[in-house]
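Okay, structure first, notes after.
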Amino acid sequence: RMTMTDQMGNYWLPTKLPEFHTRYPGLRLEVVVENRTLDLFKREADIAVRFSRPQQLDLVVRKSIEYHYGLYASTAYLDKHGRPQSLKELVNYHFISYDETIFANAELKRLEAMIGEDNIIQRYTSNSGIISALKQDLGLSVVGCYFADKEEKLERLIPETFDYAFNAWVITHADLFKSARIKVVFDFLIEKLAEDADLCAGKQRE
């Protein structure tokens, strides 16, 4: 039983599963798509992919790829309202943000303070909801480069000014890591994340 965020669980992981089941035809997976942090100690999940390092003891924690978020909007929205050339110009645009229960960090808070609360027209509790709103030409937002760069309707804005990066971690309980079944899933996730390191770093369109 593994857990990861909505975009990772709904869009990234399924592209890797055909290879997984070819390698390990006897293993069955349960995927918990959840943006909140499940408790591995309570066995809410066996393995987690997270974007913050847990501090608890008795966990096996492996640092994986560096994951980048950029500032995006649809081409149609930008054609209508213009393309900002600096962060200061963002006060002239509508902004779509996150509910702080799933994405609360200093970088986003500073950006929101610069934009102004009156310009934040929507908040979402999922990453996929943000991208759907962007594709409807509703404004600008901060989203993961791996997913946004796949969307032909979206453009990345001022990457030299705004590029938020943090690490992905693959985690399991130390007792579970003794299981061969857990270990092969754990190692598979690390392997597949590493293969997509450039895409997750926002290098797909370079």
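One-based numbering along the sequence shown. Below, all heavy atoms of this structure are taken into account, side chains as well, without hydrogens, waters or symmetry copies. On a predicted model such as this, the values are computed, not experimentally measured, just so you know.
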**Prompt:** Under a 4.0 Å N-O cut-off, is there an ion pair linking Lys192 with Glu195?
**Reply:**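 A salt bridge is present here (some side-chain N lies under 4.0 Å from a carboxylate O).
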**Message:** Assess whether a salt bridge exists between Arg123 and Glu117, defined as any Lys/Arg side-chain N lying under 4.0 Å from an Asp/Glu carboxylate O.
**Reply:** yes
Does [X] reach the main-chain N or O of [Y] with its side chain, forming a donor-acceptor pair under 3.5 Å?
| X | Y | value |
| --- | --- | --- |
| Tyr98 | Val142 | yes |
| Tyr93 | Leu78 | no |
| Gln55 | Arg53 | yes |
| Tyr146 | Asp196 | no |
| Asn119 | Val91 | yes |
| Ser64 | Ile190 | no |

Is [Y] close to [X] at the side-chain level, that is, under 4.5 Å between some pair of heavy atoms?
| X | Y | result |
| --- | --- | --- |
| Leu13 | Leu189 | yes |
| Val143 | Gln7 | no |
| His81 | Asp137 | no |
| Leu90 | Leu157 | no |
| Asn92 | Pro84 | no |
| Asp149 | Leu199 | no |
| Leu71 | Phe95 | yes |

Enter the distance from [X]:[atom1] to [Y]:[atom2] here, rounded to the nearest 0.5 Å.
| X | Y | atom1 | atom2 | result |
| --- | --- | --- | --- | --- |
| Arg50 | Thr5 | CZ | OG1 | 12.0 Å |
| Leu140 | Tyr72 | CG | OH | 12.0 Å |
| Ile130 | Ser97 | CD1 | OG | 6.0 Å |
| Ile120 | Leu111 | CD1 | CG | 8.5 Å |
| Thr3 | Met8 | OG1 | CE | 11.5 Å |
| His21 | Leu29 | NE2 | CG | 5.0 Å |

Please report the closest heavy-atom contact between [X] and [Y], naming both atoms and the distance.
| X | Y | answer |
| --- | --- | --- |
| Ala73 | Gly139 | CB-O, 3.6 Å |
| Ala133 | Ile96 | CB-CD1, 3.8 Å |
| Cys200 | Cys145 | O-CB, 4.5 Å |

**Prompt:** Between Ser128 and Asp6, does any side-chain donor sit less than 3.5 Å from a side-chain acceptor?
**Reply:** yes
**Test side-chain contact (heavy atoms from CB on, under 4.5 Å) applied to Gln136 and Leu134, step by step** = CA-CA 5 Å; Gln136 294 302 314; Leu134 290 179; over 6 Å; no
**Prompt:** So does Arg23 have more than 12 non-hydrogen atoms from other groups sitting under 6.0 Å from CZ?
**Reply:** yes
**Item:** Over-ring placement of Arg110 relative to Tyr164, 6.0 Å and 45° cut-offs
**Value:**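 No, Arg110 does not lie over the aromatic ring of Tyr164.
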**Request:** Mind telling me whether Phe166 and Phe51 have parallel, tilted or perpendicular rings, with 30° and 60° as the class edges?
**Result:** perpendicular
**Request:** Would you please classify the geometry between the Phe147 ring and the Tyr11 ring as parallel, tilted or perpendicular, with 30° and 60° separating the classes?
**Result:** perpendicular
**Check against side-chain contact (heavy atoms from CB on, under 4.5 Å), Phe20 and Leu27** = CA-CA 9 Å; Phe20 177 85; Leu27 287 181; 3.9 Å; yes
**Message:** For residues 172-185, which residue pairs pass the side-chain hydrogen bond (donor to acceptor under 3.5 Å, both in side chains) check, not counting sequence neighbours?
**Reply:** Lys183-Asp187
**Steps toward side-chain contact (heavy atoms from CB on, under 4.5 Å) verdict (Arg156, Asp163)** = CA-CA 10 Å; Arg156 189 175 181 184; Asp163 181 70; 2.5 Å; yes
**Request:** Start with the C-alpha gap between Leu108 and Tyr69, add the side-chain angles, then the distance that decides, and say whether side-chain contact (heavy atoms from CB on, under 4.5 Å) holds.
**Result:** CA-CA 10 Å; Leu108 184 61; Tyr69 270 67; over 6 Å; no
**Prompt:** Can you name the residues that form a side-chain hydrogen bond (donor to acceptor under 3.5 Å, both in side chains) with Arg83, not counting sequence neighbours?
**Reply:** Asp79, Glu155
